[in-house]
Amino acid sequence: MNMMFVCQTARATTIEEGGPTGPTMEPADAWGRRWVNATSTLAKRYMEVATAKRSLVCLAADRNTMAGLFSLIEEVGDHVAALKTHVDLVDDWTADAWSDFCRAAQHANLLIFEDRKFADIGKISRAQMAGIYDIRSWSDLVTAHLISGPDVVDGLQAGWDDVGRSGGVLLLAQMSSRGNLLHPAYTTEVVEKGASHSGVFGFIGNGSRPAELKALREAVGDEKMIWTPGVNLAVGDGEMGQRYGDPTEAVMAGSDCIIVGSGIHKASDPKQAAQAYAEASWSGLLNRTG
Ligand code: S5P
């Protein structure tokens, strides 16, 4: 992928522009308590971008070719606030193409979130941030399970430190897949341990179950983010055990970001789909009371 193409097709949305669909709103007005209580610079950056674009959507860019990924950013970049990747599912991955892709994402004003679901001991997680994919050099956020104990977070933070960058960890407190083993007692422990750690950006919650999400928000409080997969405008069961809830309800229950994959990348018109998810998420934010 050559850079000329990237630069001509992706366009950064600035807060001054007020995003693609409306007048400027201040992040503090849109986000209320979350804005006031957030201590993480990254969380503030996310809230600013989401406000500018009037979208609380993180695109789960689960396409397996670089061309598919580039066209997705080009089509929907203006309507999503973050980009979630699975770097290891791309068939024609090369370091150069990935670096161009990340540049296109940055140009579209997107935080880059590698959903690697790290779960090993601290020193191995640190080493896994390097390797062929060199996740530490381009990710702003990564996911981790806390099953191995709190050192996984320190290991990931050390990974970013090793290249002079900083980032945030999203801990899996709940999952959207049917039959998962993240039972309520486990969720409680993850939240207790993660809430006070400065390296923890927030938690992954289950977007398909608003009642569970509400309980998670009460446990987490106002400081940290909750991002939720398992949302789709077509509510119900998805492929291979995935479950979907309504995007607006998820935000009203306390989600700060809806993670949407196939609802956008498999839509016949991804741009239109991204706009619909952006509107659903934004109206949830403006209507939520807590
Ligand atoms: O519990 C989870 C956690 C995650 S991060 N359930 C999930 O589905 N995810 C991710 O969200 C999953 O890896 C995928 O990239 C995305 C959901 O995609 P969709 O196509 O079902 O919207």
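Note that the coordinates shown come from a computational prediction; the quantities given were computed from them, not determined experimentally. For ligands, and for the atoms within them, numbers begin at 1 and follow the listed sequence.
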side-chain contact (heavy atoms from CB on, under 4.5 Å) with R63: which residues, sequence neighbours excluded?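 Checked R63 against side-chain contact (heavy atoms from CB on, under 4.5 Å); matches are L69, S71, L72, H265, P270.
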From L182, L170, D115, N206 - option closest to atom 5 (S) of ligand 1 by heavy atom: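 It is D115 that holds the nearest heavy atom.
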P229: numbered ligand 1 atoms lying under 4.0 Å from its heavy atoms: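 In order of number, 1 (O), 2 (C), 3 (C), 4 (C), 6 (N), 7 (C), 8 (O), 9 (N), 11 (O).
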Tell me yes or no: between the side chains of [X] and [Y], is some donor less than 3.5 Å from an acceptor?
X	Y	answer
Y133	T85	no
T41	R45	no
D115	T143	yes
Q242	S176	yes

Nearest protein heavy atom with distance in Å, relative to [atom]:
atom	value
atom 8 (O) of ligand 1	Q242 NE2, 2.9 Å
atom 19 (P) of ligand 1	Y244 OH, 3.4 Å
atom 12 (C) of ligand 1	K84 NZ, 3.9 Å
atom 14 (C) of ligand 1	D62 OD2, 3.4 Å
atom 22 (O) of ligand 1	G261 N, 2.9 Å

Under 4.0 angstrom from ligand 1, any heavy atom of H86?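 Flag set, H86 near ligand 1.
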Compute the minimum heavy-atom distance from K117 to ligand 1 and say whether it is under 4.0 Å.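 Checking ligand 1 against K117, which is what was asked, there is a heavy-atom contact under 4.0 Å.
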Hey, can you tell me if W93 and W98 have their rings parallel, tilted or perpendicular (30° and 60° cut-offs)?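 W93 and W98: tilted rings.
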Do you reckon Y244 sits in the same ILVMFWY cluster as Y277, going by side-chain contacts under 4.5 Å, direct or chained?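 No: no chain of side-chain contacts under 4.5 Å links Y244 to Y277.
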Between S176 and ligand 1, does any nitrogen or oxygen pair lie at a separation below 3.5 Å?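 Min N/O separation from ligand 1 is below 3.5 Å for S176.
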